[in-house]
Structure formats: structure tokens, C-alpha cells
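Chain A is the first sequence line, chain B the second, and so forth, proteins listed ahead of strands; every chain is numbered from 1.
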Amino acid sequence: MTDQPKRLYLIDGSSYIYRAYFAIRHLSNSKGLATNAIFGFTNMLLKVMREHAPDHLAVVFDARGPSFRKEIYPEYKANRAAMPEDLVPQIPVIKDLVRAFNLPALELEGFEADDIIATLAKKHAAQGLEVTIVSGDKDLMQVVSEQIRMLDTMKDKVYGPAEVAERFGGGPDKVVEVQALAGDSSDNIPGVPGIGEKTAVKLIAEFGTVEELLARFDEVKGKMRDKLREFGEQALLSKRLVTLKDDLDLGIDYDALATGEPDRAALTALFGELEFHKLQQEFFAESRDRNDDYRGVFTEAELDQLIRELEKAPRISFDTETTSLDPLCAELVGISFAVQAGAAWYIPLGHHYLGAPEQLGRELVLERLRPLLEDPRKSKIAQNAKYDLLVLRRAGVEVRGVDFDTMVASYLGNPAAKSHGMDSLAADLLGRRTIAFSEVAGSGKNQISFAEVEVDKAISYAAEDADVTLQLFEKLEPMLKEAEQEKLFHEVEMPLVGILADMEWQGVRVDPQVLGTLSGEMEKKLAALERDIHELAGCSFNIGSPKQIGEVLFEKLKLPRGRKTKTGWSTDVEVLQNLAEEHPIAARILDHRSLAKLKGTYTDALPKLIHPDTGRIHTSFNQTVTATGRLSSSDPNLQNIPIRSEEGRRIREAFIPAEGGVLLAADYSQIELRILAHLADEEMLQESFARGEDIHRRTACEIFGVFPEMVSDEQRRQAKTINFGVLYGMGAFSLAKSLGIDRKKAQSFIDAYFERLPRVADFLEARREEARKNKYVQTLLGRRCAIPEIDSPNQGIRSYAERNAINYPLQGSAADIIKVAMVRVFESLGRAGMKTRMVLQVHDELVFDVPESELEKARELIRREMEEAVKLKVPLDVDIGVGKNWREAH
DNA sequence: CTGTTGTGCAA
DNA sequence: TATTGCACAACAG
């Protein structure tokens with residue numbers, strides 16, 4: 001073995017923190033914590049580790065208090081501004097990071113990081129070690145030598161004696177001399193006024209040291225001589241200030257600076273929290289466990305063996321591989337299973353490419369697995385189970401017993417998180433970078449179907465999915481318990497998974513002819529509007545482009561501008577409505593825009609999404625998207641089908657029941673206000689709901705002090721706006737804007753409201769308080785949503801957080817209630833053996849496809865299960881409508 | 001071809 | 001300067 005010199009790396013932590021902070025101006029995580037300095041610092045650390053793999057290292061920080069330099073010179077660093085307020089909270093995180101990397105960290109009271117570094121560098125260099133100082137600070141150049149070099153990772157430069165000499169005109173020993181003369185404005189080191197670095201280098205090159213220069217100052221000519229005479233003492237003081245202490249008694253030897261193995265779990269948690277997803281991936285890219293036992297199942301004997309393993313295991317995880325992201329088009333290509341961490345199987349069923357190995361038959365495998373998959377008592381785990389349920393249902397297997405969906409569990413743990421995808425969960429919770437789909441199937445136009453992926457590759461990809469899912473379960477289950485989400489998870493969210501799968505499976509019938517006719521009419525109207533608009537403008541332009549509209553209205557026609565957007569002048573409804581009085585073009589543009597919107601988003605888009613086999617639209621209900629617990633709908637979004645305008649309502653006529661049936665729409669009346677009445681325990685609201693009054697009218701009575709009969713339409717409208725405003729935490733400004741009144745007046749309405757409904761005011765404050773105390777708020781069923789921004793120093797962010805603290809419990813409790821109702825209705829319909837099918841959910845409304853013969857029974861059942869979903873201090877009223885299309889059902 | 005912006009639909 | 005979503009067309013890189 002060759003005897004490599006021992007190496008030591010000394011990282012100037014404090015200097016990097018500052019440099020990173022100023023180099024990266026804007027970076028923060030979704031919780032409002034600034035992360036710019038942390039990010040820069042981490043990058044530096046990772047770079048040093050990656051490129052130098054140090055075995056001995058110290059990260060050195062400045063100690064909190066003043067250093068000894070302050071004692072010799074009170075003005076030292078006096079001009080330094082206080083640490084920026086968004087940097088302060090980053091410091092402890094950086095120290096956590098260093099700890100998680102398991103690296104030695106040092107700081108010493110009374111001394112700066114540079115002194116510690118100088119001491120350690122000199123000491124170890126004297127012992128024959130090769131020392132690298134990682135810093136960008138020129139002060140440290142004074143300790144550079146043959147054994148000590150300096151590395152600036154941000155500039156990617158290494159400084160040895162030669163590089164130092166180039167800048168300071170001599171060996172590293174000249175550094176302090178030059179700095180003593182030139183001073184340093186950032187540290188408030190005075191030096192000699194009028195002498196900068198260039199002059200100082202010249203003088204030192206000639207005289208060697210400050211002392212020598214001062215002794216022979218008469219050899220210097222002109223004004224500089226006077227300066228030197230006057231400020232000589234100051235130069236000597238400066239020299240003391242810039243000279244680093246290199247003889248501190250640290251009592252630290254080489255062995256104490258050995259680097260440890262990084263704590264993967266801690267790092268993962270930190271990177272996750274900081275939302276350093278890219279770094280997370282990079283760091284863990286190499287750390288995939290190669291010991292995983294992933295096997296393909298190719299023979300009946302192997303299948304039997306697998307099934308025996310699956311039967312023995314208390315819980316199994318599984319995952320399907322298919323040809324499409326859309327489960328209703330997807331063909332099954334393979335299934336994977338895991339029973340314990342690190343071991344998983346993949347059964348290829350439908351890989352077909354030239355030279356593909358012999359695979360077991362699909363029918364055979366599914367028949368053998370059917371008893372297990374359909375057994376409700378066999379506990380199963382899956383990631384995004386809804387997808388697998390649908391794929392297998394399409395393949396003829398009704399999977400039961402899926403009692404843990406890792407995606408849903410992760411969502412309950414943090415509903416505000418951006419992604420609950422397996423890759424990010426594996427990274428965040430397991431510190432593991434999983435094989436990306438694109439790595440086995442390619443991406444973009446090169447992407448191939450999973451059926452064409454080589455079986456060997458498919459095994460490592462698919463088996464990993466089942467394995468990781470099982471490992472995620474092991475992490476997530478205790479987390480759910482910790483967060484007290486178990487009941488909500490097992491009694492509401494998990495039952496809902498299968499129900500949503502069923503709703504997507506059913507889909508809703510849509511008549512393409514209705515949409516086609518509508519589209520044709522719109523086409524004509526749009527063409528006419530376009531002609532008018534171009535004529536009024538005197539030129540032809542793209543009405544769909546806000547930018548071009550801006551050019552025409554504000555530059556060509558010289559109409560008054562309204563608000564600005566990031567890229568130009570706003571042309572939104574509000575602006576155009578104001579412009580309508582100035583010029584007839586504005587109203588036409590508005591008409592054109594809303595019609596084009598309806599046509600593009602609905603009448604033209606929906607027919608394309610009608611499934612060719614079923615004649616129905618199968619939307620996707622997403623259970624892990626919203627921060628509040630609501631569902632969302634996509635591909636297409638059926639939760640925003642128009643209803644307000646006449647044109648819009650006609651789109652609803654295209655949504656129709658199955659042959660021989662009707663559509664039944666059941667919606668909760670004023671559910672969020674009822675929840676407010678319940679949670680705030682506000683008697684006036686409770687009494688009003690108990691009596692079945694018009695709540696907005698009643699609110700108007702209270703705040704305007706008039707009798708119910710005397711409430712004008714205008715007053716009711718205003719009360720309604722206030723009622724909704726309360727749910728969203730609205731202020732006087734926005735109320736004024738939406739009512740078109742002045743702020744004072746709006747404030748007086750709000751005052752009157754809280755005067756008459758004091759418990760509501762208490763409730764709102766209690767929610768803000770709760771958020772400040774716990775950093776989260778809760779719904780009726782204990783669903784939690786974190787609101788870390790509640791402590792943000794930024795007023796805008798904090799106000800936003802406070803509004804969320806009010807809105808989440810109300811919107812979220814409504815979501816809880818309708819989810820419970822969905823489970824109750826679904827199960828009740830099943831027990832009754834009815835053919836009525838739940839097909840849509842629109843936040844406070846459920847839509848059913850009902851055979852005509854079952855109508856009355858269904859109506860009663862649905863009403864009962866919805867109204868009795870939870871018991872509140874106010875009744876839950878459900879309005880039910882029935883019709884031959886969705887519009888009529890309202 | 002992909003991500004962002006402005007806009008607008010729903011509860 | 002009112003909450004939560006999704007999707008479209010235009011546009012920038």
C-alpha cells in the first residue's frame with residue numbers, strides 16, 4: 001500500500017453562509033422558510049464530499065458573541081449590518097444539516113472561524129498533513145503554504161502560494177502586510193486612507209513589512225508620506241486585526257475530525273422539509289440497495305411458491321404494470337408483490353417484443369391469484385390503489401381488502417404537500433431514489449409501452465415498486481397514529497378509495513349530439529363577434545391573446561388602462577367591464593372570451609373524452625390533491641361545469657342518465673355556514689337553521705336591523721356576500737370591492753356582523769390562535785392541515801396563513817361530511833342491492849344515475865344517509881332534484 | 001416540446 | 001387586498 005499523505009479539510013462555514021445568502025437571492029420552501037443560504041451551503045458541502053471525499057474535516061463557524069478583535073478595536077466590524085432577518089432562522093438548520101452529514105463542527109467563543117482554521121491548518125501542516133481550507137475569504141490566504149491550499153468552490157479555484165503571490169506580490173506572509181495598509185471596509189479595518197490594495201502591494205513589495213515601511217517612511221514621496229506619518233499607528237493596529245490567531249488551544253487532534261457516515265434518515269427528512277428534491281435525488285442516486293432480492297415469476301411452480309408466500313404473510317403489497325396511465329384504457333402487463341422489505345416478485349404477463357421470454361398466461365395467473373385478491377380479510381397495501389383496483393377490475397378481478405393506500409396515508413400526514421407520488425415518498429421517507437419510469441420506458445417521443453420493456457428491466461422496476469410500497473407502509477402507519485389520523489383514514493378515506501374507483505368505473509353518460517349542436521351555434525356566434533371586434537378595432541388580431549387585446553385597446557384605441565399584470569396591462573373581466581362604458585368593443589371581447597372559453601373547455605373538449613366502449617365520461621377523482629380534504633376532478637374536471645350563465649347551463653343538458661333512468665342530484669344546503677353555526681356555537685345561526693329560514697335574509701335582518709319582510713334584495717345580496725366573506729376570512733377592502741361600496745361602509749357592515757354574531761368573531765380568533773399554537777388546524781373529524789406560515793415575518797404571507805386557518809376547518813369539515821355521506825350512501829345502496837349508482841361528486845353535491853323504478857327508494861335512502869352523515873347542532877338539509885339531464889335535476 | 005402566465009369555470 | 005381546485009390558449013425559452 002502506498003503511503004498517501006493524510007488530508008484534512010477545513011470549511012469556513014460562516015463565510016459560506018453569507019456568500020450563499022447573497023449569491024442566491026430568492027429561494028424558500030412552501031412553508032415560507034427562506035432556504036437560499038442553506039441551499040448554497042449544502043451545495044458546497046456536497047461538492048466537497050463528491051469531489052474530494054475527505055476522511056477528516058471540520059466545519060468551522062464564527063461563535064455568537066464578539067471576538068477578541070472587538071476588544072483591541074471597538075469599531076471592528078461596527079459597520080456590519082445585523083444579520084438579515086431571513087438568514088437568522090437558516091443558521092440552526094445549517095447546523096442540523098452538518099450534524100446529519102455527521103461532520104465535525106467547531107466554534108469557539110471569542111474567536112472567529114478564521115482563527116480556528118488558521119490554528120488547525122498550521123498545526124496539522126506542521127505534522128506533515130495536506131490541508132485544504134475551503135473558503136472564499138482572502139483573509140485566510142495568509143496561512144496558505146506548500147502544505148496548505150485554499151479552495152473556493154463557488155469560483156472553482158484553488159489557491160496555492162503561487163496564486164497568493166500573484167495577488168499580493170509576495171508570499172502568503174505578505175497578505176497581512178498588504179491588508180494592514182489597504183484596510184477592509186467590510187470588516188471596518190481602517191488601514192491607511194488613500195492606500196488601496198494596488199498601492200499596498202507596491203509598497204510592501206518594496207519595504208517588505210509595515211514596520212519597515214513606517215521606519216523608512218521618508219523614502220516615500222508626496223502625499224503618501226503624510227498619510228503614513230499620520231496613520232502609521234492605525235496601520236499597525238490594522239495589522240493586529242487582520243493577523244489570524246494560529247496558536248489557539250483547541251485540544252482537538254486529527255482523530256477527532258474523522259468524518260462519519262451521513263445519517264440518511266435525518267438528511268432525507270431535512271431535504272424533504274427544505275424541498276431540496278433535486279439534491280435529495282442526487283445525493284441518494286448512488287445509494288440504491290443492491291442487495292434487494294427481486295425475482296421474476298415465469299413458471300407455474302414459481303407462481304405456486306409465490307402464492308404460498310403471499311398466503312403466509314400478514315400483509316402484502318402489490319402493484320400493477322400496464323400500457324397506459326388511464327386505467328380504463330390500460331391493459332395489464334404484469335403484477336408485482338412484496339411481503340417483506342427487500343424482497344419482491346414480478347409476474348410478467350404481457351410483455352411482447354422480439355425475443356421476449358415465455359410468460360405465464362394472463363388468465364391462469366389471475367385465476368390463481370383471484371382468491372387472494374378478492375378476499376376482503378387479506379390485508380393489502382398499494383400506492384394509489386384506485387388505479388390498480390380499476391385495472392384489475394377491467395381484467396375481471398374485484399380486488400377487496402386494500403386497507404392501506406400509501407398515497408392516501410401520506411396525504412393525511414400532510415395534505416398541503418405537493419406530491420404524494422411514490423418516487424418522492426421513497427426519497428422523503430426512505431431516503432431512496434427509485435427507478436424512474438422514464439429510465440425503463442424512455443420519455444417524450446422515444447417512450448415505449450411497458451409491454452415493450454425488457455422483462456429483466458421490468459422486474460427491477462416493478463418489484464421495486466411493490467417493495468417500496470411495503471416499506472412506505474411501515475413508515476407511514478406509525479406516522480398516522482402519531483398524527484391521530486387513524487380513524488379518519490380507516491373509516492373514511494380508505495373506504496372511499498374503492499368508492500371513487502367505482503364512480504370512475506361507472507362514469508357519467510354524455511350525449512355528444514347535444515354538445516355538437518351547441519358547439520355549432522357557438523361557432524357562428526363567435527364568428528360574428530370576431531367580425532364585429534375586428535371592425536371596431538380597425539384591424540385583425542387574435543382575440544384569444546390578452547397581449548394583443550392590450551395592444552389594440554390601450555395603444556391603438558387609446559382606451560384608459562386599468563391594473564397592470566407582470567407582463568402588461570390587465571384585460572380581465574373587471575377591467576373590460578369598466579371599459580364597456582368607454583367603447584363598445586369591450587363588451588364584445590367579453591362575450592367572445594366567455595363563449596370561446598365554454599366552447600374550448602367544454603363543448604369541444606368533452607365529446608373527445610367519451611369512452612368509445614361505454615359512451616360515458618370517466619373522470620378521475622383525486623383524493624390527495626387539495627389542502628383542505630376536498631376531492632378534485634380531472635381529465636376532464638367535472639367539478640367546474642358551468643351553471644351560472646344560460647349558455648353554460650346548456651352544457652349540463654348533455655349530461656344524461658343511462659337508458660331507462662333519471663339523474664338525481666342531491667346537494668347539501670349551505671353546508672359551510674351550517675358548520676360555522678355548529679363550530680362557532682353561534683345561537684342566532686343555529687336558531688335560524690333550525691327554523692329553516694333563509695340564512696342570508698336573516699343575516700341581513702341582523703346587520704341592517706330590519707324586519708325580515710323589510711329586507712331588500714340588495715340587502716340580502718350584501719348579507720350573502722358577507723356570509724361568504726366570513727368563510728374565507730375576508731377583510732374590509734375586499735368586501736368593499738365586491739360590494740362596490742367604500743371601505744368605511746364595508747367595515748361598518750363587518751362590525752355590525754360581529755356585533756350581532758359575537759361567537760363567530762370568537763371562532764375566527766380561536767382558529768388563528770390554534771394555528772399559532774399548534775402550527776396546524778383541524779376539521780370536524782380531526783383532519784389536520786399544517787399552517788407553518790402562521791409565524792411568517794412577512795405580513796402578506798402571514799395574513800394568507802390566517803385566512804387559511806379560518807377556511808381550512810370550514811371547507812375541510814364540509815369535505816369530511818360529504819365523504820362520510822358517500823361511504824354511507826354507497827354501502828347502503830349495496831346492502832339494499834339497488835342498481836342506483838353514484839357517478840359524480842361536486843364538493844357539496846352528489847349525482848346519481850337512478851333506474852326509474854328505484855327513484856323513490858333511492859331518493860329516501862340518499863336523503864337519509866346524507867342528512868344523518870354526522871350529528872351537528874344544526875340540521876343538515878339536503879336538496880334533491882331529479883331530471884332527464886343534469887340541468888333539469890337542479 | 002415544456003413550463004409559465006393570464007384568464008375563467010365550479011363549490 | 002376572499003378559499004380551494006383544473007384547464008385552456010398564448011407565449012417564452
**Asked** Using a cut-off of 4.0 Å on non-hydrogen atoms, how would the nucleic acid contact of A:G729 be classed: base, sugar-phosphate, or nothing?
**Response** nothing
**Asked** Are A:R772 and A:R798 close enough that some pair of their side-chain heavy atoms sits under 4.5 Å apart?
**Response** no
**Asked** In B/S/- notation, 5' to 3', how is nucleotides 3-11 of chain B contacted by protein heavy atoms closer than 4.0 Å?
**Response** ---SBBBSB
**Prompt:** So which pairs with a foot in residues 577-590 of chain A pass side-chain hydrogen bond (donor to acceptor under 3.5 Å, both in side chains), sequence neighbours left out?
**Reply:** A:D532-A:R588
**Request:** Whole angstrom is fine here: how far is it from CZ in A:R767 over to C1' in C:dT3?
**Result:** 17 Å
**Request:** Rounded off to whole Å, could you give me the CG-to-C1' distance for the A:D816 and C:dT4 pair?
**Result:** 15 Å
**Item:** Electrostatic pair A:R630:A:E672 at N-O distance under 4.0 angstrom
**Value:** yes
**Prompt:** A:F621 CZ to C:dG5 P: how many Å, rounded?
**Reply:** 17 Å
**Request:** Looking only at side-chain atoms of A:T626, point me to the closest of C:dA10, C:dT4, C:dC8.
**Result:** C:dT4
**Asked** Do A:D791 and A:K775 sit within salt-bridge range, that is, some charged N less than 4.0 Å from a carboxylate O?
**Response** yes
**Message:** Once you apply a heavy-atom cut-off of 4.0 Å, does A:T619 come out as touching a base, just sugar-phosphate, or nothing?
**Reply:** nothing
**Request:** Measure from CZ on A:F749 to C1' on C:dA2 and round the result to the nearest Å.
**Result:** 17 Å
**Message:** Classify A:S799 by what it touches in the nucleic acid, base, sugar-phosphate, or nothing, heavy-atom distance under 4.0 Å.
**Reply:** nothing
**Asked** Is there side-chain contact between A:L673 and A:F724, with at least one heavy-atom pair below 4.5 Å?
**Response** no
**Request:** Describe the nucleic acid contact of A:Y668 in one word from base, sugar-phosphate, nothing, applying a heavy-atom distance below 4.0 Å.
**Result:** nothing
**Prompt:** If you check the A:K547 side chain, which of C:dT4, C:dA2, C:dA12 turns out closest?
**Reply:** C:dA12
**Item:** Nucleotide C:dT4, atom P - distance to CD1 of A:I671 in whole Å
**Value:** 19 Å
**Complete:** Rounded to whole Å, the CD-C1' distance (A:E530 to C:dA9) equals 14 Å
**Request:** Look at A:E646 together with A:R887 and state whether they make a salt bridge at an N to O cut-off of under 4.0 Å.
**Result:** yes
**Message:** Tell me the interatomic distance from A:E802, atom CD, to C:dT3, atom P, rounded to whole angstroms.
**Reply:** 13 Å
**Message:** Just the rounded figure in Å: distance from P of C:dT3 to CD1 of A:I787.
**Reply:** 12 Å
**Message:** Between A:E493 and A:R783 (salt bridge meaning N to carboxylate O under 4.0 Å), is one present in this structure?
**Reply:** yes
**Request:** May I ask you to say what A:N542 touches in the nucleic acid, namely base, sugar-phosphate or nothing, with a heavy-atom cut-off under 4.0 Å?
**Result:** sugar-phosphate
